[in-house]
Amino acid sequence: MGDKSLYAKLIVDVVIGPILEKLEKKDISAANTLRSAFAKAEGSLPGLTYDFLCDLLRKGEISDRIDVCETLLRLSGRIDTDDFRIPRAESRFQELNHCSTELKRVLSKIPEQIFDRKLFLETIKDIANAIKKLLDAVNQVITEIPVSDNGNKQILEDRKKEFVRYSKRFSNTLKEYFRDTNQNQNVFMSANYLVFQTNVILKTVKQECC
């Protein structure tokens, strides 16, 4: 996945999605129409949502003052919508909700704390702990899924493997950052990938288990 594609997906997740969820309370038909339109447009022209946002920022003459990568990361910890909330009441599913929210919250603190080494090191420990708890929660959910012909258990296993791969990439990015502290943008990007993979897990659980 290229950076532009990641930005586009996160813009839908943390900007457009919450707006449409509010619109649903007033006009569910209009909200569904817009959601479908964005999905169709992004499917036909990947990255279109990102281009749309960039054009808005340019026309507002603020594109040079907003770092899209950093802003999306900051927003990721403040968004709590039904799109990323598993409705099942069982404790294992609710624990996954809690762990995913906590991981995104801690990741969203990176832009504020990356320039304070002591604070950032503490945040890194919190992130590592949150990742472990999330993986434990995913494993608990996987045990709830019976083996079946539709392969939904394997689908979630595959999503977990992808998450682990991006977790390792994030760890390597941190190592590179401490060798060259000018690479903070790479840290933001890698953290955004982790946010996206967390959202993918939540969407997969909702699709396969709800």
Side-chain angles (χ1 to χ4, degrees), residues 1-86 100 103-104 107-108 110-111 150-152 154-156 158-170 173 183-208 210:
M1 183 193 304
D3 295 347
K4 184 175 178 179
S5 176
L6 172 69
Y7 288 157
K9 293 177 185 301
L10 285 177
I11 289 166
V12 171
D13 288 349
V14 306
V15 179
I16 295 174
I19 292 172
L20 293 180
E21 188 170 293
K22 290 181 180 179
L23 178 60
E24 279 182 349
K25 297 174 182 179
K26 296 181 178 180
D27 190 336
I28 190 169
S29 177
N32 288 337
T33 298
L34 286 171
R35 184 175 282 107
S36 177
F38 272 108
K40 186 176 181 179
E42 189 63 34
S44 300
L45 293 170
L48 177 66
T49 310
Y50 172 66
D51 292 336
F52 174 73
L53 177 64
C54 288
D55 283 344
L56 284 178
L57 295 177
R58 277 193 292 270
K59 289 181 179 179
E61 299 182 350
I62 56 174
S63 59
D64 59 335
R65 300 199 298 274
I66 294 180
D67 183 320
V68 173
C69 184
E70 178 181 338
T71 301
L72 288 173
L73 183 57
R74 288 177 181 273
L75 287 173
S76 67
R78 302 174 186 175
I79 301 301
D80 183 25
T81 69
D82 288 342
D83 287 341
F84 307 116
R85 192 180 301 116
I86 301 166
S100 61
L103 175 57
K104 289 187 285 186
L107 287 169
S108 73
I110 290 176
N150 60 17
N152 52 4
Q154 186 58 49
I155 290 171
L156 187 52
D158 291 341
R159 297 293 181 269
K160 185 185 77 171
K161 289 177 183 177
E162 277 289 288
F163 178 87
V164 170
R165 185 164 69 88
Y166 280 97
S167 297
K168 291 178 178 177
R169 180 185 292 185
F170 177 71
T173 302
Q183 297 190 39
N184 58 298
Q185 196 71 18
N186 292 340
V187 176
F188 299 160
M189 178 62 68
S190 189
N192 272 322
Y193 272 104
L194 261 186
V195 169
F196 176 71
Q197 290 300 319
T198 302
N199 289 343
V200 168
I201 286 175
L202 293 171
K203 288 180 178 179
T204 301
V205 172
K206 286 188 70 174
Q207 179 178 331
E208 302 298 333
C210 300

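Residue numbers count from 1 along this sequence. Basis for what follows: all heavy atoms, side chains included, without hydrogens, waters or symmetry-related copies.
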Asker: What is the distance from atom OG of Ser29 to atom CG of Leu34, rounded to the nearest 0.5 Å?
Answerer: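 Going from the OG atom of Ser29 to the CG atom of Leu34 covers 9.5 Å.
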Asker: Side-chain contact test, heavy atoms from C-beta onward, threshold under 4.5 Å: evaluate it for Ser108 versus Leu75 and give yes or no.
Answerer: no
Asker: Does a side-chain heavy-atom distance below 4.5 Å link Val195 with Leu72?
Answerer: no
Asker: Side chain of Ser190, backbone of Asn186: donor and acceptor closer than 3.5 Å?
Answerer: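 No; judged by distance alone, with no hydrogens or angles, the pair does not exist.
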Asker: Taking all non-hydrogen atoms of both residues, which atom of Asp82 and which atom of Lys206 are closest, and how far apart?
Answerer: O-NZ, 2.7 Å
Asker: Decide side-chain contact (heavy atoms from CB on, under 4.5 Å) for Asp3 and Tyr193; before the verdict, give the C-alpha distance in whole Å, the side-chain angles of both, and the deciding distance to 0.1 Å.
Answerer: CA-CA 9 Å; Asp3 295 347; Tyr193 272 104; 3.3 Å; yes
Asker: Is there a donor-acceptor pair closer than 3.5 Å between any side-chain N or O of Asn199 and the backbone N or O of Phe84?
Answerer: no
Asker: Do Pro18 and Lys22 have side-chain heavy atoms sitting under 4.5 Å apart?
Answerer: no
Asker: Specify the closest pair of heavy atoms between Arg65 and Ile62, including all atoms of both residues, with the distance to one decimal.
Answerer: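 In this case the closest contact between Arg65 and Ile62 is NH2-CG2, 2.8 Å.
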Asker: Evaluate the side-chain contact (heavy atoms from CB on, under 4.5 Å) criterion for residues Thr204 and Val200: first the C-alpha distance (whole Å), next the side-chain angles of each, then the deciding distance (0.1 Å), finally the verdict.
Answerer: CA-CA 6 Å; Thr204 301; Val200 168; 4.0 Å; yes
Asker: Can you name the nearest heavy-atom pair linking Ile16 to Phe38, along with the distance?
Answerer: CD1-CE2, 3.5 Å
Asker: Within this structure, what is the CD-CZ distance for the pair Glu162 and Phe196, rounded to the nearest 0.5 Å?
Answerer: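 Between atom CD of Glu162 and atom CZ of Phe196 there are 10.0 Å.
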Asker: Taking only residues two or more places apart in sequence or in another chain, which ones pass side chain to side chain donor-acceptor pair (under 3.5 Å) with Asp83?
Answerer: none
Asker: Under 30°, 30 to 60°, or over 60°: which ring-plane class applies to Tyr7 and Tyr50, parallel, tilted or perpendicular?
Answerer: tilted
Asker: If I compare all heavy atoms of Thr81 with all of Ile79, which pair ends up nearest, and what's the gap?
Answerer: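 Thr81 and Ile79 have their closest heavy atoms at CG2-CG2, 3.5 Å.
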Asker: Find the distance between CG (Leu156) and NZ (Lys160) and round it off to the nearest 0.5 Å.
Answerer: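 Nearest 0.5 Å value for the CG-NZ distance: 8.5 Å.
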Asker: Assess whether a salt bridge exists between Lys203 and Asp13, defined as any Lys/Arg side-chain N lying under 4.0 Å from an Asp/Glu carboxylate O.
Answerer: yes
Asker: Counting C-beta onward and ignoring hydrogens, is there a side-chain heavy-atom pair between Gln197 and Ile201 closer than 4.5 Å?
Answerer: no
Asker: Can you tell me how far the NZ atom of Lys4 sits from the OG1 atom of Thr49, to the nearest 0.5 Å?
Answerer: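 Reported value, rounded in 0.5 Å steps: 10.5 Å.
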Asker: Using atom types as modelled and distance alone, determine if a side-chain donor or acceptor of Ser76 lies under 3.5 Å from a backbone N or O of Leu73.
Answerer: yes
Asker: How long is the straight-line distance from OG1 of Thr71 back to CG of Asn192, given to the nearest 0.5 Å?
Answerer: 10.0 Å
Asker: Kindly compute the distance separating OG1 (Thr173) from CE (Met189), expressed to the nearest 0.5 Å.
Answerer: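 With rounding to 0.5 Å, OG1 (Thr173) is 10.5 Å from CE (Met189).
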Asker: Judged by modelled atom types alone, do Glu70 and Asn184 share a side-chain donor-acceptor pair under 3.5 Å?
Answerer: no
Asker: Do any N or O atoms from the side chain of Ser36 and from the backbone of Asn32 form a donor-acceptor pair under 3.5 angstrom?
Answerer: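 Such a contact is absent between Ser36 side chain and Asn32 backbone.
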Asker: Considering non-hydrogen atoms only, spot the tightest contact between Glu24 and Arg35 and give its length.
Answerer: OE2-NH1, 2.9 Å
